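Data first, discussion second: the structure below is written as structure tokens.
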Amino acid sequence: MKVISSICELRNCLSEERQNNKTIGFVPTMGALHDGHISLVKRCVEENDICVTSIFVNPTQFNNKQDLATYPRTPENDCALLKTAGCDYVFAPTEKEMYPEPDTRIFHLGPVAEVMEGVHRPGHFNGVAQIVSKLFDIIEPDKAYFGEKDFQQIAVIRVMVKELNLQTEIVSCPILREVNGLAMSSRNMRLTPEQHQKAPLIAHTLKESTTFVPEKNVQEVIDYVVNTINNEPVLQVEYFDIVDRNTLQSVKNWKETTDPVGCIAVFCGEVRLIDNITYKNKLS
Ligand code: AMP
């Protein structure tokens, strides 16, 4: 496995791979890797001749300075995990390398970017589109792998790929969870032991809420989830919405969609956690 920080060097290596007719898969990450990331890398290794993983904490997608400053960084451990998973190239550039000039591009990401995370993290998705478009331009992957934990991000990336007429196939991968149900996240490292013990209530409540569908209406399910989680003093719901999987627009009635997804953001102390769950199998 090669660890590369220069765009030029990576381009040269990948152009040689391409000349040898190798297919290239790509997993973008911000590091502090866990089994959720590694599940994407393993799938990428399986489905492509060459697997490239990037590690870059992208400043333009952070709307909260404190979150950026405290974002966990574990580069040695990341490289060890990636090597074991069969990754071929790690791309770990500096901020200067990725942004020699400030990126002033504004992306038109449409209605999928204007709800939920788009409302609560202004500028976040534009920053995601800036970095992912740069990485796609450098790597030119045949396939790129994204986790469904960041459910809205996948929809936004698909819009960006269309807007830029890119040929990369976007592959979405299921959420990996800890044994207690908590969605794996680099930010879980920032939880105190007490917070870590309480945070699984988020996933537990989402799962429990599926058992009330379709008997309870959409608003009743939303109220149940928000109230149950907010009853735990350590947790504070920022938003919970039930949306159509494709449009990401709110659903008012189970009959409006065949594929409703509940999306949540919760503060556990200072740490912001997100998760989601499908209600599809309860409606068929
Ligand atoms: P991040 O490093 O948080 O930017 O995440 C990099 C990629 O890993 C994104 O596509 C995430 O959706 C994905 N990812 C993060 N956590 C998980 C998880 N628990 N299960 C599956 N994929 C994940």
Side-chain angles (χ1 to χ4, degrees), residues 25-47 51-64 67-68 70-75 77-79 81-82 85 87 90-93 98 112 116-117 121 124-136 139 141 143-158 160-161 168-191 196 199-200 202-203 206-207 248 261 263-266 268 271-278:
F26 173 45
V27 184
T29 83
M30 298 203 296
L33 301 184
H34 50 67
D35 284 351
H37 296 112
I38 297 303
S39 70
L40 270 56
V41 173
K42 286 188 173 154
R43 179 142 175 213
C44 178
V45 168
E46 263 170 40
E47 296 183 356
C51 168
V52 183
T53 304
S54 63
I55 297 177
F56 181 66
V57 182
N58 174 38
T60 73
Q61 73 188 68
F62 282 81
N63 56 315
N64 177 330
D67 189 25
L68 174 60
T70 55
Y71 200 84
R73 292 161 207 246
T74 57
N77 190 53
D78 292 349
C79 284
L81 291 174
L82 290 172
C87 177
V90 179
F91 180 48
M98 290 313 294
V112 296
M116 301 190 290
E117 296 292 289
R121 300 187 71 189
H124 168 66
F125 285 129
N126 199 64
V128 169
Q130 287 176 340
I131 190 63
V132 175
S133 63
K134 277 175 180 267
L135 291 167
F136 279 14
I139 294 162
K143 295 185 179 189
Y145 296 78
F146 292 86
E148 283 170 13
K149 185 176 83 76
D150 298 272
F151 174 73
Q152 193 176 0
Q153 174 170 269
I154 299 181
V156 169
I157 296 290
R158 289 190 198 281
M160 184 205 81
V161 162
T168 300
E169 180 188 334
I170 304 303
V171 181
S172 72
C173 305
I175 304 177
L176 251 78
R177 297 179 181 281
E178 298 183 1
V179 273
N180 56 26
L182 177 63
M184 289 183 182
S185 165
S186 304
R187 290 186 177 86
N188 293 353
M189 290 181 198
R190 291 181 50 214
L191 299 172
H196 204 146
I202 303 165
L206 291 181
K207 196 164 175 202
L248 268 61
V261 180
C263 299
I264 196 161
V266 179
C268 185
V271 183
R272 187 175 183 277
L273 303 172
I274 57 171
D275 201 347
N276 61 82
I277 195 148
T278 176

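Predicted model only: the values in this text are computed from it and were never measured. Every number for a ligand or one of its atoms is a count from 1 in the order of the listing. Just so it is clear, the values below take in all heavy atoms, side chains as well, and ignore hydrogens, waters and symmetry mates.
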Between I38 and L176, is any pair of side-chain heavy atoms under 4.5 Å apart?
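No; the side chains remain at least 4.5 Å from each other.
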I need the [X] [atom1] to [Y] [atom2] distance, nearest 0.5 Å.
{"X": "Q130", "Y": "F125", "atom1": "CD", "atom2": "CZ", "answer": "13.5 Å"}
{"X": "N276", "Y": "K149", "atom1": "CG", "atom2": "NZ", "answer": "9.0 Å"}
{"X": "H37", "Y": "L82", "atom1": "NE2", "atom2": "CG", "answer": "9.5 Å"}
{"X": "F146", "Y": "T29", "atom1": "CZ", "atom2": "OG1", "answer": "11.0 Å"}
{"X": "R190", "Y": "T70", "atom1": "CZ", "atom2": "OG1", "answer": "3.0 Å"}

So is F56 in contact with ligand 1, going by heavy-atom distances below 4.0 Å?
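No; F56 lies far enough from ligand 1 that no heavy-atom distance drops under 4.0 Å.
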Under 4.0 Å from any heavy atom of [X], which atoms of ligand 1 are there?
{"X": "D150", "value": "11 (C), 12 (O)"}
{"X": "I175", "value": "20 (N), 21 (C)"}
{"X": "F146", "value": "10 (O)"}
{"X": "M184", "value": "16 (N), 17 (C), 18 (C), 19 (N)"}

Looking only at heavy atoms, is any part of [X] under 4.0 Å from ligand 1, and if so is it the side chain, the backbone, or both, or is it neither?
{"X": "P174", "result": "backbone"}
{"X": "A32", "result": "neither"}
{"X": "L40", "result": "side chain"}
{"X": "H34", "result": "side chain"}

Residue from R158, K143, M160 passing side-chain contact (heavy atoms from CB on, under 4.5 Å) with I170:
R158
Look only at the side chain of [X] and the backbone of [Y], and say whether a donor-acceptor pair between them is shorter than 3.5 Å.
{"X": "D67", "Y": "F62", "value": "no"}
{"X": "Q152", "Y": "E117", "value": "yes"}
{"X": "S54", "Y": "F91", "value": "no"}

Close N or O approach (L176, ligand 1; < 3.5 Å)
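L176 vs ligand 1: N/O contact under 3.5 Å present.
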Could you identify the single nearest non-hydrogen protein atom to [atom] and state the distance to 0.1 Å?
{"atom": "atom 3 (O) of ligand 1", "result": "Y71 OH, 3.8 Å"}
{"atom": "atom 10 (O) of ligand 1", "result": "G147 N, 2.9 Å"}
{"atom": "atom 4 (O) of ligand 1", "result": "M30 CG, 3.6 Å"}
{"atom": "atom 1 (P) of ligand 1", "result": "H37 NE2, 3.6 Å"}

May I ask which of S172, P28, G36 has a heavy atom nearer to atom 7 (C) of ligand 1 than the others do?
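Among S172, P28, G36, the closest heavy atom to atom 7 (C) of ligand 1 belongs to P28.
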